[in-house]
Structure formats: C-alpha cells, structure tokens
Amino acid sequence: MSKDVRTNNDQAVSLRGWDALEIKLKGRGLSSIEIQEARKSFFEGIELLSKMFLSSYDAEKKTLV
C-alpha cells in the first residue's frame with residue numbers, strides 16, 4: 001500500500017540527484033539566488049564528471065585493443 005501524503009523527509013528519501021539536494025537547500029533556508037547558483041554548480045560538476053569518465057573509458061578501451 002502506498003502513501004498518498006508525503007512529508008519533505010519522505011520526498012528527500014525517494015528523490016535523487018538535484019531534486020533531493022534542492023529540497024535540502026530550501027529546508028536550510030537558502031535564498032532562490034543561492035539555490036540557482038548551487039544548481040548551476042551541480043550540473044557543471046555532473047558534466048565534468050561525465051567528461052572525465054568518458055575520457056578515462058576511451059583511454060582504457062584503447063589499451064585493451
């Protein structure tokens with residue numbers, strides 16, 4: 001049986017990534033400008049990690065061939 005009503009804590013547990021982080025930041029009282037900056041930083045970090053993974057994967061793939 002699923003719950004129809006969920007609290008913020010329940011949402012933070014079921015949500016992942018930026019959505020979960022945004023709920024926590026709002027809960028700590030950050031302003032909308034601070035949350036926008038955090039969102040930009042979050043997605044820049046994800047993009048950087050993706051590029052690092054892809055370059056590492058490509059380098060490893062070349063050594064196996």
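Side chains included, hydrogens not; waters and symmetry mates left out as well; all remaining heavy atoms used.
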Quick test of your reading: applying salt bridge (charged side-chain N to carboxylate O under 4.0 Å, His left out), list the pairs with at least one residue in residues 28-41, sequence neighbours left out, ordered by first then second residue.
K40-E44
So with a 6.0 Å cut-off around CD1 of I33, is the heavy-atom count from everything else above 12?
no
With sequence neighbours left out, what residues match E47 under side chain to side chain donor-acceptor pair (under 3.5 Å)?
K51
Other ILVMFWY residues reachable from L21 by side-chain steps of under 4.5 Å:
W18, L25, L30, I35, F42, F43, I46
